[in-house]
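Inspection log for the structure reproduced underneath, given as structure tokens.
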Amino acid sequence: MKYYIIVNPTSGRGLGAKSIPHIESSLRESGLDFTLVQTERVWHAYELAEQAAREGYDVIVCASGDGTINEAINGIMKARKDGFTKSVFSVLAIGTGNDFSGGTGIPTNLNDGLKALTANKRRKIDIGLVKGGDYPEGRYFGNGIGVGFDAAVGNEAIKIRWTRGLPAYLIGVIKTVFLYYNPPNVEIVLDDSETINQVSLMISVMNGRRMGGGFQMAPDSKPDDGLFDLCIAETGTKARILALIPHFIRGTQATQPEVKMRRAKKVSIKSLDKTFPAHADGEFICLNGSALTLELLPSELEIICA
């Protein structure tokens, strides 16, 4: 089999570049036939993954964080739409959150990820498609969409350079609560059968389980069950928002009166007053959005997992 390894050298605050010699030596020791390339700019992983799929590589691997993974998934999906469906996807997790890996059964550390490539255990997972914001034609995602508060938190977390993962997001939470967020009144429609109108602190539409390196937005989610898992939180006082944070870390937020958990195949989100920020797998799809539509594509992508 032919492996195409896409490394983002800036992932994990530079861990990507530092990991390249170890990745190359490990793959050679395992006897794998591989080509390794590095990303050079935003959206480069999309181009590389699409071309690798068109060239017939058996396995396309992202050594990166969730943002680069999202780009690669979009490139693979573009090739699949044109009939190039051979390539399997996997990840060597070296990012700040590694949420896609954490929700799909891919190892969340580098060495176990390298072993998984050799073991070659596979599964098919669902993929989401979101339309709206800066992507009216659509952007694919593997882990989840965050609308509102968690998108604002992510915007703060990426500014923090001295730590990464869950600690960075916790700092982002505190900054967002006290400095920024004014939530919108939204209309959420689930499978054309249920409509929720409320002032929403945040809306997470999950294919995976977690965001921010440790916030369990959908602890019971399965990436191959044909359904999104939604976590919809009403707003509250600053003190109440902070009190909810431990529940999201433990995955017990469903016990709280402000939180609704739902499942659906199709979701539409429309603001009834002010705009909202939103992200797909940690990558912004809008800072001032007003409407999004989401659709689940079942068993769309095969991956190598643990």
Run the side-chain contact (heavy atoms from CB on, under 4.5 Å) check on S200 and I188 step by step: do they pass? CA-CA 10 Å; S200 291; I188 307 164; 4.2 Å; yes
Show the numbers, then the answer: is there a side-chain contact (heavy atoms from CB on, under 4.5 Å) between T195 and E187? CA-CA 7 Å; T195 300; E187 177 187 84; 3.7 Å; yes
Donor-acceptor pair, side chain of [X] and main chain of [Y], under 3.5 angstrom:
X: S101; Y: N98; answer: no
X: D66; Y: D99; answer: yes
X: D58; Y: K86; answer: no
X: N74; Y: N70; answer: yes
X: N143; Y: R210; answer: yes

Can you hop from [X] to [Y] via hydrophobic side chains spaced under 4.5 Å?
X: M261; Y: I245; answer: yes
X: L129; Y: F284; answer: no
X: V205; Y: V189; answer: no
X: L117; Y: V7; answer: yes
X: I20; Y: V59; answer: yes

Evaluate the side-chain contact (heavy atoms from CB on, under 4.5 Å) criterion for residues I94 and K18: first the C-alpha distance (whole Å), next the side-chain angles of each, then the deciding distance (0.1 Å), finally the verdict. CA-CA 10 Å; I94 52 176; K18 296 176 183 177; over 6 Å; no
Do the side chains of [Y] and [X] get nearer than 4.5 Å, heavy atoms only?
X: L27; Y: L114; result: yes
X: P298; Y: K265; result: no
X: E258; Y: I241; result: no
X: R240; Y: E234; result: no
X: L15; Y: R13; result: no
X: V259; Y: F248; result: yes
X: L190; Y: F228; result: no
X: S221; Y: R209; result: yes

For the student: nearest non-hydrogen atoms of A93 and P107, plus distance: CB-O, 3.7 Å
What closest approach, in Å, do L292 and A278 show between heavy atoms, and which atom pair accounts for it? CD1-CB, 3.9 Å
Are [X] and [Y] close enough for a salt bridge, meaning some N to O gap below 4.0 Å?
X: K266; Y: D191; value: no
X: R41; Y: E47; value: yes
X: D82; Y: R54; value: yes
X: E300; Y: R80; value: yes

Hey, could you give me the [atom1]/[atom2] distance between [X] and [Y], rounded to the nearest 0.5 Å?
X: E24; Y: F34; atom1: CD; atom2: CZ; value: 5.0 Å
X: R28; Y: I23; atom1: CZ; atom2: CD1; value: 11.5 Å
X: L294; Y: F141; atom1: CG; atom2: CZ; value: 5.0 Å
X: E295; Y: S268; atom1: CD; atom2: OG; value: 12.5 Å
X: D224; Y: D126; atom1: CG; atom2: CG; value: 6.5 Å
X: M217; Y: I145; atom1: CE; atom2: CD1; value: 13.0 Å

If only side-chain N and O atoms count, and only distance matters, is there a donor-acceptor pair under 3.5 Å linking Y4 with S87? no
For K124, is the NZ atom crowded, meaning more than 12 foreign heavy atoms sit under 6.0 Å from it? no
Consider side chain to side chain contact (heavy atoms under 4.5 Å, CB included). Of [options], which one does [X] pass it with?
X: M1; options: N120, D33, V88; answer: N120
X: V186; options: I203, I232, N197; answer: I203
X: Y140; options: L301, I127, D281; answer: I127

Describe, in one word, how the ring planes of W43 and Y135 are oriented to each other, choosing from parallel (under 30°), tilted (30 to 60°) and perpendicular (over 60°). tilted
With side-chain contact (heavy atoms from CB on, under 4.5 Å) as the criterion, how do E71 and N8 come out once you've worked through the C-alpha distance, each side chain's angles and the decisive distance to 0.1 Å? CA-CA 11 Å; E71 290 186 17; N8 182 346; over 6 Å; no
